[in-house]
Amino acid sequence: MGQYGVRIVGTGSYAPPKVLTNHDLEEMVDTSDEWILARTGIKTRHIAADDQPTSSLAYEASLKALEAAGMAPDDIDLIIVATSSPDCIFPNTGCFLQRKLGATNAACFSLEAACSGFVYGFQVASGMLQSGMFENALLVGAEKFSTLLDWTDRTTCILFGDGAGAAVLRRVPSDDNGLLACKLGANGEFAELLGVPAGGTAMPLTHERLDQRLNCLQMKGREVFRLAVNAMVESCESVMADAGISIDQVRWLVPHQANTRIILGVGKRLGIPTERVFMNLDRYGNTSAATIPIALDEIARGELVSKDDYVLLTAFGGGLTWGALLLRW
Ligand code: UT7
């Protein structure tokens with residue numbers, strides 16, 4: 001451990017007002033409220049308006065996080081937006097967020113690690129703060145997956161929602177450090193299990209590809225499910241071992257919110273009682289990189305966590321990517 005540590009000093013989140021229920025989806029594809037609830041745990045999800053790009057969702061969450069931290073936009077010297085649904089290919093979504101906030105002192109970039117983006121981003125931001133080069137980072141997970149979905153594909157369109165969560169991370173003396181351990185992993189051999197094939201340089205958009213909906217998210221759900229549980233359990237065990245903390249000491253397990261069955265499977269394998277496993281995907285669906293920061297904000301605002309409580313975060317997503325972080329709140 002060097003000279004510096006990091007702490008979360010403010011959180012915020014935002015979900016656009018439009019709510020899409022399982023019953024609404026029954027009108028769109030061949031599905032049922034019962035199937036969606038039983039197989040995923042999702043009841044509703046939020047859908048952003050046409051004039052709300054990802055950076056607008058990020059902006060709303062960031063304003064709340066800055067307010068909670070008692071900070072002004074120009075106090076921020078680093079902005080990282082974890083997203084796989086950026087405003088455009090480039091410039092990066094962090095720059096659009098910076099402009100909306102007027103955070104003129106910030107270096108900005110976005111980070112693409114799908115649903116693991118916030119966990120990856122936390123380690124990246126922390127490393128940059130702990131290097132001594134930056135003091136206050138705004139880390140946002142923001143997604144507008146509604147624009148990536150094939151709304152005729154019942155196997156994917158029922159799963160995702162739009163939203164954003166933000167955290168202000170501050171450089172602190174090392175004896176006050178809140179990031180106890182981190183484990184990140186990936187396996188590109190599984191790249192085709194989950195992603196958006198067309199629209200990048202490997203498969204540029206053509207009319208034909210648009211007709212085939214190759215610009216939309218595709219997922220082999222069953223395979224992803226199986227790999228997700230193992231990877232999240234193993235990364236959680238790894239960070240707890242590194243920090244010398246047992247699961248009994250963990251106040252909250254905050255897993256990526258993709259599927260209740262995955263979350264409960266991870267909780268069971270780790271041996272943590274369900275009351276200490278945070279879940280809100282019934283209301284938001286899977287908001288990819290935004291699930292964990294939205295959850296953190298709900299925990300913070302609901303006063304469900306006290307200073308110095310241990311909070312274990314874990315995520316899994318396209319890439320495949322995964323990881324875990326152990327925080328001292
Ligand atoms: O956030 C990134 C990581 N992503 C994930 O973690 C997602 C992981 N995967 C999952 O959460 C689950 O695999 C799903 C929720 C996507 C699917 O659940 P499943 O229990 O794995 O279902 P399945 O894909 O094995 O499909 C079971 C059946 C199939 O019918 P047959 O072949 O048994 O006749 C599907 O066609 O359910 C059918 N089905 C549906 N039925 C009604 C698939 N989607 C639907 C639907 N409504 N929306």
Side-chain angles (χ1 to χ4, degrees), residues 20-45 82-85 112-121 141-146 148-163 165 184-188 190-196 216-236 254-267 269 277 279-282 284-295 313-324:
L20 189 71
T21 67
N22 292 348
H23 294 296
D24 295 331
L25 284 160
E26 287 174 347
E27 307 293 316
M28 298 161 66
V29 287
D30 179 15
T31 191
S32 65
D33 177 46
E34 294 74 30
W35 192 96
I36 300 173
L37 199 53
R39 294 298 185 118
T40 72
I42 301 166
K43 293 180 186 158
T44 60
R45 66 290 285 145
T83 187
S84 294
S85 46
E112 184 196 342
C115 304
S116 312
F118 188 82
V119 169
Y120 266 67
E143 304 279 14
K144 188 179 178 182
F145 266 38
S146 61
L148 303 180
L149 295 172
D150 175 354
W151 289 98
T152 66
D153 176 8
R154 70 174 183 174
T155 68
T156 52
C157 76
I158 55 137
L159 298 170
F160 296 91
D162 300 334
L184 303 176
N187 188 343
F190 295 115
E192 277 70 35
L193 289 188
L194 172 54
V196 176
C216 295
L217 180 147
Q218 297 183 350
M219 177 168 71
K220 294 198 170 61
R222 218 175 303 181
E223 285 93 323
V224 174
F225 191 119
R226 191 173 46 81
L227 293 160
V229 176
N230 284 336
M232 289 199 281
V233 168
E234 281 164 22
S235 10
C236 285
V254 181
H256 169 53
Q257 308 282 307
N259 188 317
T260 309
R261 292 182 294 140
I262 294 178
I263 294 172
L264 294 177
V266 171
R269 288 248 318 259
V277 179
M279 278 193 275
N280 62 8
L281 91 166
D282 57 326
Y284 297 109
N286 181 346
T287 57
S288 188
T291 65
I292 288 179
I294 292 173
L313 316 182
T314 186
F316 184 88
L320 295 176
T321 55
W322 59 84

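Keep in mind that the numbers below use all heavy atoms, side chains included, and drop hydrogens, waters and symmetry copies. What you are looking at is a predicted structure, and each value in this text was computed from that prediction instead of being measured. Whatever order the structure lists them in is the order used to number ligands and atoms, beginning at 1.
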Checking contacts now, so for atom 48 (N) of ligand 1, which I'm interested in, is there any protein heavy atom under 4.0 Å?
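Neighbour list for atom 48 (N) of ligand 1 includes protein heavy atoms (cut-off 4.0 Å).
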
Ignoring hydrogens and angles, tell me if any N or O in the side chain of Tyr284 forms a donor-acceptor pair with the backbone of Asp162 under 3.5 Å.
no

Considering only heavy atoms from C-beta outward, does the side chain of Phe190 approach that of Glu223 to under 4.5 Å?
no

Atoms of ligand 1 less than 4.0 Å from Ile158 heavy atoms?
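The list of qualifying atoms is 48 (N).
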
Taking 4.0 angstrom as the limit and counting only heavy atoms of His256, give me the atoms of ligand 1 inside it, by number and element.
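Selected atoms, number and element: 1 (O), 2 (C).
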
What protein heavy atom sits nearest atom 25 (O) of ligand 1, and how far off is it?
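Going atom by atom, the protein heavy atom closest to atom 25 (O) of ligand 1 ends up being Arg222 NE, 2.7 Å.
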
Residue selection (non-hydrogen contact nearest atom 16 (C) of ligand 1) among Thr156, Asn22, Leu159
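Residue with the shortest heavy-atom distance to the ligand atom: Leu159.
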
Numbered atoms and elements of ligand 1 in range of Ala258, under 4.0 angstrom, heavy atoms:
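Near Ala258, the atoms of ligand 1 are 1 (O), 5 (C), 6 (O).
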
Hey, is atom 37 (O) of ligand 1 under 4.0 Å from any protein heavy atom?
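So atom 37 (O) of ligand 1 has protein heavy-atom neighbours under 4.0 Å.
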
May I ask you to identify, for Thr31, whether its side chain, its backbone, both or neither come under 4.0 Å of ligand 1 on a heavy-atom basis?
both

Are any of the N or O atoms of Arg154 closer than 3.5 Å to those of ligand 1?
yes

Got a donor-acceptor contact below 3.5 angstrom from the Arg45 side chain to the Asn286 backbone?
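No: the side chain of Arg45 does not pair with the backbone of Asn286.
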
Check whether more than 12 heavy atoms from other residues, nucleotides or ligands sit under 6.0 Å from atom CD of Glu112, and answer yes or no.
no

Less than 4.0 Å from atom 13 (O) of ligand 1, is there any heavy atom belonging to the protein?
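Protein heavy atoms within 4.0 Å of atom 13 (O) of ligand 1 - there is at least one.
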
Do any heavy atoms of Leu194 fall under 4.0 Å from ligand 1?
yes

So which protein heavy atom does atom 44 (N) of ligand 1 come closest to, and at what separation?
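It is Trp35 CH2, 3.4 Å.
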
To the nearest 0.5 Å, what is the distance between CE on Met28 and OG1 on Thr152?
10.0 Å

What do you think, any protein heavy atom under 4.0 angstrom from atom 34 (O) of ligand 1?
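No, there is no protein heavy atom closer to it than 4.0 Å.
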
How about Asn230 and Arg269: does a side-chain donor come under 3.5 Å of a side-chain acceptor?
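Judged by distance alone, the side chains do pair up.
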
List ligand 1 atoms under 4.0 Å from Arg39, heavy atoms only on the residue side.
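Matching atoms, with element in brackets: 19 (P), 20 (O), 22 (O), 27 (C).
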
Which heavy atom of the protein is the closest neighbour of atom 2 (C) of ligand 1, given with residue, atom name and distance?
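The answer is Cys115 SG, 3.3 Å.
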
Taking distance alone, with N or O pairs closer than 3.5 Å, would you say Ile262 contacts ligand 1?
no

For a 4.5 angstrom cut-off between non-hydrogen side-chain atoms, does Trp151 reach Leu25?
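Yes. Closest side-chain heavy atoms under 4.5 Å.
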
For Ser32 and ligand 1, does the shortest N/O to N/O distance drop below 3.5 Å?
no

Ala228 and ligand 1 - part of the residue with a heavy-atom distance under 4.0 Å
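Neither part.
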
Hey, are the side chains of Gln257 and Ile294 touching, using non-hydrogen atoms and a 4.5 Å cut-off?
no

Is there a side-chain contact between Leu37 and Lys43, using heavy atoms and a 4.5 Å cut-off?
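Answer yes - side chains close enough.
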
Please list, in number order, the atoms of ligand 1 under 4.0 Å from a heavy atom of Arg261.
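Here the atoms of ligand 1 in question are 18 (O), 19 (P), 20 (O).
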
Show me which atoms of ligand 1 lie under 4.0 Å from any heavy atom of Asn286.
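Listed by number with element, the hits are 1 (O), 2 (C).
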
With a 4.5 Å cut-off on side-chain heavy atoms, are Thr40 and Leu159 touching?
yes

Can a donor-acceptor pair be found between the side chains of Thr287 and Glu143 at a distance below 3.5 Å?
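Thr287 vs Glu143: no donor-acceptor pair found between side chains.
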
Atoms of ligand 1 under 4.0 Å from any heavy atom of Gly221, numbered from 1 in the order shown, are 8 (C), 9 (N), 13 (O)

Any Phe316 side-chain heavy atom under 4.5 Å of Val224 side chain:
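Touching, per the 4.5 Å side-chain cut-off.
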
Please list the nearest protein heavy atom to atom 10 (C) of ligand 1 with its residue and the distance rounded to 0.1 Å.
Asn259 ND2, 3.6 Å

Please state which protein non-hydrogen atom is closest to atom 3 (C) of ligand 1 and give its distance, to 0.1 Å?
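Residue, atom and distance for the closest contact: Val224 CG1, 3.7 Å.
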
Compare all side-chain heavy atoms of Ile158 with those of Asn22 and state whether any distance is below 4.5 angstrom.
no

What distance do Gln218 atom CD and Glu192 atom CD have between them, rounded to the nearest 0.5 Å?
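One finds 10.0 Å between CD of Gln218 and CD of Glu192.
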
Numbering the atoms of ligand 1 from 1, which are under 4.0 Å from a heavy atom of Thr40?
15 (C)

